[in-house]
Number of protein chains: 2
Amino acid sequence: MISSNFHRNTRQRKVILEELRKVKKHPTAAGLYAIVRRKMPKISLGTVYRNLELLNQMGMIQKLDFGSGEARYDGNLSDHDHLRCVCCMCVDDAPGPPLAIRGGRKEDWDGYKILGYRLEFFGVCPRCRGRRDD
Amino acid sequence: MISSNFHRNTRQRKVILEELRKVKKHPTAAGLYAIVRRKMPKISLGTVYRNLELLNQMGMIQKLDFGSGEARYDGNLSDHDHLRCVCCMCVDDAPGPPLAIRGGRKEDWDGYKILGYRLEFFGVCPRCRGRRDD
DNA sequence: CTGTCTGCAAATGGTTTGCACCATA
DNA sequence: TATGGTGCAAACCATTTGCAGACAG
C-alpha cells in the first residue's frame with residue numbers, strides 16, 4: 001500500500017519505467033527485474049514491485065492482471081486490447097483499434113456505479129501454433 | 001493438475017456443486033468451504049479446491065479469476081457478464097443480456113488463433129455506495 | 001535535514017500437492 | 001478389489017512488508 005501523494009524521482013524508478021517502455025512485449029515483474037538488473041545489478045525485486053505498483057496507480061503504466069499466474073505490465077498507455085497465449089502465457093497487443101463494448105448504460109447498472117471494465121482475449125500465439133498445430 | 005478423464009461421483013463433489021448452485025452470489029473457495037462445512041464438517045479445503053478445479057474443467061461451473069485476490073466461482077452456466085465491486089470485492093451477475101464484443105474477425109488475428117475472451121466490469125456495488133457515497 | 005525510497009529478508013496468503021487411508025464402481 | 005478421492009499438513013510462489021540505512025529535494 002502506498003500512502004503518500006508526494007513521490008521522489010529515484011534512479012530506480014526512472015530505469016524501471018524506461019526499460020518497461022523499451023520492451024515491446026509485456027514482461028512480468030520478475031522478467032522486468034532481470035532486464036533492469038542488467039543496468040542496475042543491486043536493485044531488489046521488492047523495489048521493482050513497489051515501483052510498478054506506484055507507476056500503475058499514477059497511471060503511467062498499465063498492470064495486466066487476469067489471474068492464473070503472474071501479472072504483466074505494459075508501458076504503452078495507448079488504448080488497445082491484449083491477447084494472451086494460453087500455451088506459453090505470453091501477452092501481445094491486439095492489432096488495430098480496441099474492440100469497444102457494445103451498448104448499455106454503463107453509468108448506473110442495477111445500483112452499481114460502473115467504473116470500467118477489463119477485457120482480455122486468449123488464444124494460441126503464432127510461435128506456439130508453429131511448434132504444434134493446434 | 002487433474003490427469004485422468006474418469007471421475008467418481010463422490011458425496012463431497014455432489015455437495016460442493018449443489019451448494020454452489022444454491023447461492024446466488026459467487027463465493028470464493030474459502031467462502032464455499034465454510035458453506036459446505038455446515039453440511040460436511042470433516043471436508044477439507046484442499047478437497048474443495050480440487051473439486052472446483054475439476055468441475056471448472058468439466059465445464060459444470062465457471063471460475064472467475066481476474067487477479068487481485070481470490071478467485072470466485074459461479075454455478076450458473078448461462079451466458080452473462082459479471083460486475084465486481086472494487087470496494088468490497090464482491091461479484092454480482094450483470095443484469096440483462098451479455099454485452100457482446102463488437103466487430104472483428106475473432107478467428108485468426110495477427111497469427112493468433114483466438115479461443116475466446118474474458119470480460120469483467122468493475123465499479124461500486126449498491127451496498128458500498130450506501131455506506132459511503134462515492 | 002527530513003521524510004521517502006531502497007535492499008534485504010522474512011512474512012503473507014491463496015492455491016497446490018504428497019501421502020496414507022478411504023470408498024466408489 | 002482396483003483406483004480415484006479424501007483429509008491433513010506441508011510446500012509453493014507471486015507478491016507484500018518491516019526495518020535500518022541511503023538518498024532526493
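So you know, we letter chains A, B, ... as the sequences are listed, proteins then strands, and number each from 1.
For the pair B:Asn51 CG and D:dG4 P, the computed distance is 15 Å after rounding to whole Å. Computed from coordinates, the B:Leu64 CG to C:dT15 C1' distance equals 17 Å when rounded to whole Å. Per the geometry, NZ belonging to A:Lys42 stands 16 Å off C1' belonging to D:dC23, to the nearest Å. We find that CD1 of A:Ile43 is positioned 15 Å from C1' of D:dC23, with the value rounded to whole Å. If you take CG of B:Asn56 and C1' of C:dT16, they are 15 Å apart, rounded to a whole angstrom. For the pair A:Leu54 CG and D:dT15 C1', the computed distance is 16 Å after rounding to whole Å. With rounding to whole Å, A:Tyr49 atom OH is found 15 Å from C:dG7 atom P. Between the CZ atom of A:Arg11 and the C1' atom of D:dA22 there is a distance of 12 Å, given to the nearest Å.
Among the heavy atoms of the strands lying under 4.0 Å from B:Ala71 are primed sugar atoms or P, OP1, OP2 only; no base atom is included.
Criterion: ILVMFWY side-chain heavy atoms under 4.5 Å apart, direct or through other members. Under it, A:Leu119 and A:Leu83 are part of a common hydrophobic cluster.
Side chain B:Arg13 to base D:dG4: no donor-acceptor pair is found below 3.5 Å. Applying the 3.5 Å distance criterion, the base of D:dG4 shares no donor-acceptor pair with the side chain of B:Arg50. For A:Arg8 and C:dG3, a side-chain-to-base donor-acceptor distance below 3.5 Å is present, hydrogens and geometry of angles not being considered.
Proximity of A:His7 to the phosphate of C:dC5: a side-chain N or O atom is located under 4.0 Å from OP1 or OP2. Distances shorter than 4.0 Å separate none of the side-chain N or O atoms of B:Gln12 from OP1 or OP2 on C:dA23. Checking the phosphate oxygens (OP1, OP2) of C:dA9, no side-chain nitrogen or oxygen of A:Ser44 falls inside 4.0 Å. For D:dA14, neither phosphate oxygen OP1 nor OP2 lies less than 4.0 angstrom from any side-chain nitrogen or oxygen of A:Thr28. For the pair A:Thr47 and C:dG7, the criterion of a side-chain N or O lying under 4.0 Å from OP1 or OP2 is met.
Residue order along DNA chain C, read from the 5' end via each residue's closest nucleotide, puts B:Ala29 first among B:Ala29 and B:Asn9. Of the residues near DNA chain C, B:Gly69 and A:Ile16, the one whose nearest nucleotide (by heavy atom distance) lies more toward the 5' end is A:Ile16.
Test A:Lys24, A:Arg127, A:Arg84 against A:Asp92 for salt bridge (charged side-chain N to carboxylate O under 4.0 Å, His left out) and you get one pass: A:Arg127.
B:Phe66 does not carry A:Arg118 over the face of its six-membered ring by the limits of under 6.0 Å from the centre and within 45° of the normal.
For A:Met58, the CE atom is densely surrounded, since the number of other residues' heavy atoms within 6.0 Å is greater than 12.
For A:Arg37, the side chain to side chain donor-acceptor pair (under 3.5 Å) criterion is met by A:Tyr33, not counting sequence neighbours.
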